[in-house]
Amino acid sequence: MTGFQPDSSRAAEASHRYVLDLVRAADRERFLGALFAPEPRRSGLLALLAFDHELARTRSVTREPMLARIRLEWWRQAMAEAAGSGKPRAQPIVEALAETIRRHGLVLESLVELIDAREEEIEGPLDVMRAGHALADLELGVLGVEDAASRQAAHAVGAAWLMGEGPERDQLVGDARALRRKVDPAALPILLPALSLGRPLGPLRRPLAYWWAARRGRY
């Protein structure tokens, strides 16, 4: 913790609503997983997923490498502001992240690591291990989970999420599931999306499958 001051750095309700609606529409599976975290950790996870979504859009919103780098540099500067003590720039995701960073003591270097991982994708393939691990580390920070087994499982699921179907992804998911008896139950909200990397789950069945898996401590 870093001496969080709720009155000075709490994001506006409109910013939280924007983030929630964005993640629910753009990242349904991980959105459902985040719902199993208690507040305020749930809002923190959603802010990180919205941040990750915006970074991932970089290559699709502009095909000019220089403009893509300018976009990512904007996010670096915004994260430096969000990690500071002053008022962050007036952008819903930045405002929600500022609250998350300050409440849970996230460090700027970890946020920049995720940006740097996405920058590699501008002119080459995404390093799914680097990007997946970077987001997982931030999520674990929000959840207050520090044990090695949970970190290993979260890294595996995070990287697998960015891969296409194939034996490598299956191996990572299998590695994560092999740790089910060792992981901290508090890490389940970021592990539950592994369910969607197996058999396809329809939109009506998916929430029930996540709920049942969460009750059993499985993913």
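Index from 1, following the sequence.
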side-chain hydrogen bond (donor to acceptor under 3.5 Å, both in side chains) partners for Arg180, two or more places apart: none
Is there a path of hydrophobic side-chain contacts, each under 4.5 Å between heavy atoms of I, L, V, M, F, W or Y residues, that connects Leu106 with Val94? yes
Which heavy atom of Ala136 sits nearest to which heavy atom of Ala154, and what is that distance? CB-O, 3.6 Å
To the nearest 0.5 Å, atom CD1 of Ile122 lies from atom CZ of Arg59 at 10.0 Å
Looking at Gln152, I'd like to know if its CD atom is crowded, meaning that more than 12 non-hydrogen atoms belonging to other residues, nucleotides or ligands lie closer than 6.0 Å. no
Ignoring hydrogens and angles, tell me if any N or O in the side chain of Tyr219 forms a donor-acceptor pair with the backbone of Ala176 under 3.5 Å. yes
Donor-acceptor pair, side chain of Ser150 and main chain of Asp184, under 3.5 angstrom: yes
Flag side-chain contact, heavy atom, 4.5 Å: His104 against Glu99: no
Do Ile115 and Leu48 share a hydrophobic cluster, counting only Ile, Leu, Val, Met, Phe, Trp and Tyr and linking them when any side-chain heavy atoms are less than 4.5 Å apart? yes
Here the salt bridge (Lys or Arg N to Asp or Glu O under 4.0 Å) pairs for residues 151-169, sequence neighbours left out, are Asp137-Arg151
One should read off an interatomic distance between Leu138 CG and Ile190 CD1, to the nearest 0.5 angstrom, of 10.0 Å
Are Leu55 and Trp74 grouped together when hydrophobic residues (ILVMFWY) are joined by side-chain heavy atoms under 4.5 angstrom apart? yes
Test Glu123 against Arg69 for salt bridge (Lys or Arg N to Asp or Glu O under 4.0 Å), laying out the working first. CA-CA 11 Å; Glu123 295 188 272; Arg69 289 191 169 87; 3.1 Å; yes
Do Leu108 and Met79 have side chains that get closer than 4.5 Å, going by heavy atoms? yes
Can you name the closest pair of heavy atoms from Asp147 and Val145 and give their distance? OD1-CG1, 3.4 Å
Nearest heavy-atom pair of Ala187 and Leu140: which atoms, and what distance? CB-CD2, 4.5 Å
Excluding sequence neighbours, so at least two apart, what forms side-chain hydrogen bond (donor to acceptor under 3.5 Å, both in side chains) with Asp127? none
To the nearest 0.5 Å, how far apart are CD in Glu113 and CG in Leu135? 11.5 Å
Nearest 0.5 Å, what's the CG-CG distance between Leu45 and Leu143? 4.5 Å
Tell me, which pairs form a ring pair (Phe, Tyr, Trp, His ring centres under 6.0 Å) where one or both residues lie in residues 50-71, sequence neighbours left out? Phe51-Trp75
Within-4.5 Å side-chain heavy-atom neighbours: Asp52 and Leu114: yes
Check whether Leu179 and Trp161 end up in the same hydrophobic cluster, where Ile, Leu, Val, Met, Phe, Trp and Tyr are linked by side-chain heavy atoms less than 4.5 Å apart. no
Contact check, side chains of Thr58 and Glu121, non-hydrogen atoms, under 4.5 Å: no
Side-chain donor-acceptor pairs of residues 192-218 under 3.5 Å, sequence neighbours excluded:
| residue | atom | partner | partner atom | Å |
| --- | --- | --- | --- | --- |
| Ser196 | OG | Tyr210 | OH | 2.9 |
| Arg206 | NH2 | Leu201 | O | 2.9 |

Are the side chains of Pro88 and Arg102 in touch, meaning some heavy atoms are under 4.5 Å apart? yes
Show me the side-chain donor-acceptor pairs of residues 31-43 shorter than 3.5 Å, one per line, residues at least two apart or across chains.
| residue | atom | partner | partner atom | Å |
| --- | --- | --- | --- | --- |
| Glu39 | OE1 | Ser43 | N | 3.3 |
| Glu39 | OE1 | Ser43 | OG | 2.9 |
| Glu39 | OE2 | Ser43 | OG | 3.0 |
| Arg41 | NH1 | Val142 | O | 2.6 |
| Arg42 | NE | Leu35 | O | 3.4 |
| Arg42 | NE | Ala37 | O | 3.0 |
| Arg42 | NH2 | Ala37 | O | 3.2 |

Taking atom CG of Leu49 and atom CD of Glu54, what is their separation to the nearest 0.5 Å? 12.5 Å
Could you grab the distance from atom CG of Leu162 to atom CZ of Arg130, nearest 0.5 Å is fine? 13.5 Å
If you look at every heavy atom in Val19 and Ala96, which pair is closest and at what distance? CG2-CB, 3.9 Å
Between Arg76 and Asp116, does any side-chain N to carboxylate O distance fall below 4.0 Å? yes
Step-by-step salt bridge (Lys or Arg N to Asp or Glu O under 4.0 Å) determination, Glu81 to Lys87: CA-CA 7 Å; Glu81 294 173 7; Lys87 185 176 181 180; over 6 Å; no
Using 4.0 Å as the upper bound for N to carboxylate O, is an ion pair formed by Glu95 and Arg89? no
Here the pair of heavy atoms bringing Ile93 nearest to Tyr18 is CG1-CE2, 4.0 Å
Specify the closest pair of heavy atoms between Val183 and Ala153, including all atoms of both residues, with the distance to one decimal. CG1-CB, 3.8 Å
